[in-house]
Protein chains: 2
Amino acid sequence: MIQQKEKSFKQTPQRLAILECLKGNKSHPSAEDIFQKVKKKFPTMSFATVYNNLEAMKKRGTIHSLTIDSERMRYDPNTSCHHHIICVDCKKIIDVSVNVKLNIPEEEKCDFDILGNHIEFYGTCPDCNKEGQ
Amino acid sequence: MIQQKEKSFKQTPQRLAILECLKGNKSHPSAEDIFQKVKKKFPTMSFATVYNNLEAMKKRGTIHSLTIDSERMRYDPNTSCHHHIICVDCKKIIDVSVNVKLNIPEEEKCDFDILGNHIEFYGTCPDCNKEGQ
DNA sequence: GTTACTGCAAAGCTTTTGCATCCCT
DNA sequence: AGGGATGCAAAAGCTTTGCAGTAAC
């Protein structure tokens with residue numbers, strides 16, 4: 001088997017800024033959110049750089065992307081097993097760490113190899129409930 | 001309280017064709033998929049008509065939309081409670097009806113009103129497993 | 001010196017919208 | 001007849017890509 005040399009991962013200031021912005025961030029920001037925040041520090045920051053870096057971090061397993069918001073991709077630096085609640089009105093996303101063991105009966109799997117799962121709870125957040133009266 | 005007259009829902013041939021295409025369809029098609037299929041019957045069919053109708057049906061609760069595929073919206077005519085497995089390679093989606101009762105402890109909810117939930121299993125389908133050897 | 005990253009602009013996709021025309025009820 | 005739906009084209013988002021210049025290693 002041919003030894004695949006791993007591509008080096010350079011520590012550029014922009015990349016570090018994106019990582020810093022994401023670190024411990026529980027708001028599940030979109031690429032736009034991240035771009036706006038990092039742009040303050042690097043006014044020349046390009047959108048492509050944000051997307052390229054998010055993609056690179058995803059591939060390395062540093063972050064996860066969430067498909068829960070149909071309007072845009074959301075990113076989560078917390079790669080440990082957890083789930084989410086999304087507000088159907090304002091699209092706010094919060095973490096949930098209910099620990100359920102989910103097993104699919106063999107006959108339901110249709111020979112899929114299951115790698116993992118993610119539970120999306122949807123509802124309305126307190127802020128949107130207030131307004132909706 | 002003012003009586004809101006319900007908007008009439010006309011039975012146009014195009015709309016019926018879209019409904020027909022969706023009825024019992026377990027492939028979780030995208031708008032493009034539906035468009036291509038219905039276009040065979042109605043060569044003048046417009047993309048806007050497909051989207052308008054899917055949106056209208058969603059509002060009426062006739063169909064659900066799935067955010068599980070990050071590349072595009074997918075539609076599901078099965079509105080009863082069920083979950084999904086998606087193939088991370090080819091994005092094939094199949095139904096799963098594991099019946100789990102998911103309750104979030106009060107302190108995790110952060111005062112959200114929970115309306116429902118959806119479990120996404122992800123993995124690789126038998127077809128993609130074969131190729132990947 | 002290499003290799004990868006940045007920034008810019010343009011392109012690519014999916015989805016939405018405006019509007020004139022058409023047609024279901 | 002009238003309200004809604006259709007079809008077309010254009011626009012609007014989000015995301016990706018090509019490429020020349022630049023910076024990390």
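These numbers come from the heavy atoms of this one structure, side chains and all, not from hydrogens, waters or symmetry mates. Here is the naming used below: chain letters follow the sequence lines, and residue numbers restart at 1 for every chain.
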Do the ring centers of B/His118 and B/His82 come within less than 6.0 Å of each other?
no
Just N and O in the side chain of [X]: are any of them under 4.0 Å from OP1 or OP2 of [N]?
X	N	answer
A/Tyr51	D/dT15	yes
A/Gln14	C/dG7	yes
B/Thr12	C/dC23	no
B/Ser8	C/dT25	no

Quick one: [X] [atom1] to [N] [atom2], roughly how many Å, whole number?
X	N	atom1	atom2	result
B/Lys59	C/dT16	NZ	C1'	12 Å
B/Asp33	C/dC13	CG	C1'	14 Å
A/Tyr75	D/dC14	OH	P	12 Å
B/Arg74	C/dT14	CZ	P	12 Å
B/Phe47	D/dA12	CZ	P	19 Å
B/Phe42	D/dT6	CZ	P	10 Å
A/Phe35	D/dT15	CZ	P	13 Å
B/Met45	C/dC23	CE	C1'	15 Å

Evaluate the criterion salt bridge (charged side-chain N to carboxylate O under 4.0 Å, His left out) for residue pair B/Asp127 and B/Lys92; output intermediate values, then yes/no.
CA-CA 10 Å; B/Asp127 296 341; B/Lys92 193 186 298 151; 2.9 Å; yes
Write down the atom of B/Met57, the atom of B/Leu22, and the distance for their closest heavy-atom approach.
SD-CD2, 4.4 Å
Do you know the tightest heavy-atom contact between B/Asn129 and A/Asp111?
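Heavy atoms only, the tightest pair is ND2-O, 4.3 Å.
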Pick the nucleotide of DNA chain D nearest each of B/Ala56 and B/Ala48; which residue has the one closer to the 5' end?
B/Ala56
Which of the following nucleotides, [options], is nearest to the side chain of [X]?
X	options	answer
B/Arg72	C/dT15, D/dT15, D/dA5	C/dT15
A/Asn53	D/dG4, D/dC8, C/dT6	C/dT6
B/Met73	C/dT15, D/dT15, C/dT14	C/dT15

Identify whether any heavy atom of B/Glu71 sits under 4.0 Å from a base atom; if not, whether one sits that close to sugar-phosphate; answer base, sugar-phosphate or nothing.
sugar-phosphate
What contact category does B/Gln11 fall into here, base, sugar-phosphate, or nothing, at under 4.0 angstrom with non-hydrogen atoms?
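Sugar-phosphate contact only - B/Gln11 comes under 4.0 Å of backbone atoms but never of a base.
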Which is more 5' along DNA chain C, the nucleotide nearest B/Asn52 or the one nearest B/Pro13? Just name the residue.
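Comparing both residues, the 5'-ward one is B/Asn52.
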Return whichever of A/Thr49 or B/Lys10 has its heavy-atom-nearest nucleotide of DNA chain C closer to the 5' end.
A/Thr49
Decide, yes or no, whether a salt bridge links B/Arg74 with B/Asp69 under the criterion of side-chain N to carboxylate O below 4.0 Å.
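Judged by the 4.0 Å cut-off on N to carboxylate O distance, B/Arg74 and B/Asp69 do form a salt bridge.
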